[in-house]
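What follows is a short report on a single structure.
Below, chains carry the letters A, B, ... as their sequence lines are ordered, and counting in each starts from 1.
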Number of protein chains: 2
Amino acid sequence: MLKLKTAAIEKISHKDYFNIALSVDCVIFSYQEKALKVLLIESDLKEFEGMHSLLGDLVKPGEDLDEAPYRVLQERTGLKDVYLEQVHTFGNVERHPSGRVITTAYFSLVDAKHSKLKLTHNDVAWHNVAGVNRLAFDHKMILDTCLQQLREKVMEHPIVFNLLPEKFSLRELQDLYEAILGIELDRRNFRKRITAKDWLVDLNEMEEDVPHRPGKLYKLRPGLKKTGRLLSGVEQKMAV
Amino acid sequence: MLKLKTAAIEKISHKDYFNIALSVDCVIFSYQEKALKVLLIESDLKEFEGMHSLLGDLVKPGEDLDEAPYRVLQERTGLKDVYLEQVHTFGNVERHPSGRVITTAYFSLVDAKHSKLKLTHNDVAWHNVAGVNRLAFDHKMILDTCLQQLREKVMEHPIVFNLLPEKFSLRELQDLYEAILGIELDRRNFRKRITAKDWLVDLNEMEEDVPHRPGKLYKLRPGLKKTGRLLSGVEQKMAV
DNA sequence: ACAAAAGTGTTCACGGTACACCCATGA
DNA sequence: TCATGGGTGTACCGTGAACACTTTTGT
């Protein structure tokens, strides 16, 4: 027969066993000036002076892992109810010069222009994703991983609407897809694919103040917006 | 101008800030008796007496996160160079009764019959995945998440061959796919799809000792076997 | 001869791609 | 009237799904 430990006993034996810090890093995407942007902060570590890094923080003792990126988002941008998705956990021993820090990466999609986004520090700024070459820590790899995941997901799941205002034209939507995927799309085929998905509602309104023929405006069909608390694990994959 | 901290200073200020334990849990799949199996151990926690759990361990201070599941596999099964894939990190505050433990889940594919697998404890055993109802901790959710990821990946990437002996017939391969996906497949369509992928090499050998017409034997085309160290992040997604 | 599984081709529906013209608006 | 982008349809191709009969071997 096995000797069973109680959780309390195990807790004692584990205490001080090791001390690994756990953080979350957020790849916060937005869409501005026809380009995909990512929110970066100037690194405050001497080792990475002059470089930028993702927004992140240590996970607090009483905080669910999946809550931490919401807190980071709220603290840094003032935004609640953003779209967030866990991507990967990076845990090489030498990834952080301060010591052993393992980080779980999330990406987030926000509408930087039309939500009441408030950047809390002036060393936080938007950067073109395509122009980011080097980041502090392993953050370039994290960015690449998140971008890749975004690209894989974007045609099958209605998530990019988190990057747009409530009303948008098909042209704006197509420009956004092209910015994310980094390729050009055929307009007719794009419209067929999108309308076939039944994601959109025709608002019977037109663009205004455009220097050409105005396009029709659409919004995301109610009930498709995925925001608020993260689903974990299999639920996340099951959803739509 | 910003005041820059050195990493050494940051290390001090973070020390004792919190104490979260980090573990890995392995969903070790195998294929036996025409069924997908998972390796489970009897829980040694009183809270989960009589229940099973996944094989896992705490990540060691000097150990890369992605190394930990290899160590667990080796310690528990004697196997090296197994196929491993990081899936998701689970970090709800209350998921572990011993305290704050965040766990990164991996799945692994092993050939239980034909490799020199040595189970190190007799309370470790194979279970039919389809028959697993309840596990200790949140391990059922972890199992479900990993199974889902396996199912999504299996048609696009040549990974299931890690579950088979080197030589196999198309019928065995199809049975394996059916066990993983939980559905029946049309034989002609299956063969067309598989052969179209150029994953297989015809060995010009036949099955032996079968009580019916023997089928041809195949092996995985050299160079496609993905094993050994994990690629991280974007590299993992880029590969094939 | 029979049982059991191996092996093989065609048809159809669907989704993706390539491609060109007319229309509405503002300047 | 011109420039700019809005809006639309058709033909082709490749992939996946449905579907049945003949062949080979062991008993």
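- For the pair Glu156(A) CD and dG16(C) C1', the interatomic distance rounds to 13 Å; values are reported in whole Å.
- In the set dT17(C), dT25(C), dG7(D), the nucleotide with an atom closest to the side chain of Arg193(A) is dT17(C).
- The ring of Phe168(A) has its center closer than 6.0 angstrom to the ring center of Phe161(A).
- Side-chain atoms of Asn189(A) lie closest to dA18(C) of the nucleotides dA18(C), dG7(C), dA5(C).
- Judged by distance alone, with hydrogens and angles left aside, Arg213(B) brings a side-chain donor or acceptor within reach of the base of dT23(D), the pair sitting under 3.5 Å.
- Straight-line distance from the CG atom of Leu173(A) to the C1' atom of dG6(D): 15 Å, rounded to whole Å.
- Taking 3.5 Å as the limit, the base of dA20(C) and the side chain of Arg188(A) contain a donor-acceptor pair of atoms between them.
- Taking 4.0 Å as the cut-off between side-chain N and carboxylate O, Arg71(B) and Glu75(B) count as a salt-bridged pair.
- Between Glu207(A) and Arg171(A) there is no salt bridge, since none of the side-chain N atoms of the basic residue sits less than 4.0 Å from a carboxylate O of the acidic one.
- Put simply, CG on Asp66(B) and CG on Asn92(A) are 6.5 Å apart, with the number rounded to the nearest 0.5 Å.
- Rounded to whole angstrom, the span from the CD atom of Glu184(B) across to the C1' atom of dA18(D) amounts to 15 Å.
- Residue Phe168(A) contributes atom CZ, which lies 16 Å from atom C1' of dG6(D) at whole-angstrom precision.
- When rounded to the nearest whole Å, the span between CZ of Phe190(B) and P of dA6(C) equals 12 Å.
- Atoms CG (Asp202(B)) and C1' (dA6(C)) sit 13 Å apart, rounded to a whole Å.
- Checking Lys192(A) against Glu172(A), the closest nucleotide of DNA chain D that is more toward the 5' end is the one next to Glu172(A).
- Nearest-nucleotide positions on DNA chain D place Glu207(A) closer to the 5' end than the other of Glu207(A) and Asp186(A).
- Here the C1' atom of nucleotide dA6(C) and the CG atom of Leu170(B) are 10 Å apart, to the nearest Å.
- Atom-to-atom distance recorded for Leu163(B):CG and Leu150(B):CG is 7.5 Å, nearest 0.5 angstrom.
- Toward the 5′ end of DNA chain C lies the nearest nucleotide of Pro211(B), the other residue of the pair Met206(B) and Pro211(B) mapping further downstream.
- The residue Arg187(B) sits close to a base: some heavy atom pair falls under 4.0 Å.
- For Arg191(B) against dG7(C), no side-chain N or O and base N or O form a donor-acceptor pair under 3.5 Å.
- Rounded to a whole Å, the CD1 atom of Ile194(A) is 11 Å from the P atom of dG16(C).
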